Novice: 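I am attaching a structure below and will ask some questions about it afterwards.
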Amino acid sequence: MDTRINNDFEQIDHKTCVSICDAIGERLQQSLRPEADLSPRLRELVDELRRRDDELH
């Protein structure tokens, strides 16, 4: 079963993958407003996502 999942993932082209990641990011931004109190660990993860996103664009 893992092989099927891996094969499906390999068939997603880069453009589609970026579109999916962008859509997830937009939904997270809507759900996690800056004024929301985040745990320190969640804040670290969100900051890491921002850094990685900046590196890609």
Side-chain angles (χ1 to χ4, degrees):
M1 186 166 178
D2 290 335
T3 304
R4 183 185 64 79
I5 293 170
N6 288 336
N7 288 338
D8 289 344
F9 178 76
E10 292 173 359
Q11 293 177 9
I12 298 175
D13 61 87
H14 179 73
K15 184 177 179 180
T16 302
C17 186
V18 170
S19 295
I20 292 169
C21 290
D22 288 346
I24 292 170
E26 288 174 12
R27 288 186 183 188
L28 282 172
Q29 285 178 347
Q30 292 171 0
S31 298
L32 299 173
R33 297 288 179 208
E35 61 273 0
D37 291 332
L38 302 177
S39 69
R41 179 65 181 140
L42 186 54
R43 173 63 61 199
E44 289 174 21
L45 293 171
V46 170
D47 291 342
E48 179 66 22
L49 283 172
R50 283 188 184 122
R51 281 192 292 277
R52 289 182 183 200
D53 189 50
D54 289 343
E55 290 174 2
L56 291 175
H57 298 286

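In this text the structure is predicted, and so the values were computed from the model without any measurement.
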Novice: So, using side chain to side chain contact (heavy atoms under 4.5 Å, CB included) as the criterion, who are the partners of Ile24 when residues are at least two apart?
Specialist: Ile20, Leu28
Novice: Checking Thr16 now: which residues fulfil side chain to side chain donor-acceptor pair (under 3.5 Å) with it, not counting sequence neighbours?
Specialist: Asp13
Novice: Under a 4.0 Å N-O cut-off, is there an ion pair linking Asp47 with Arg50?
Specialist: yes
Novice: Name all residues meeting the side chain to side chain donor-acceptor pair (under 3.5 Å) criterion together with Glu26; count only those two or more places apart in sequence or in a different chain, and write none if there are none.
Specialist: none
Novice: Identify whether the distance between the nearest side-chain nitrogen and carboxylate oxygen of Arg52 and Glu48 falls below 4.0 Å.
Specialist: yes
Novice: How long is the straight-line distance from CZ of Arg27 back to OG of Ser31, given to the nearest 0.5 Å?
Specialist: 9.0 Å
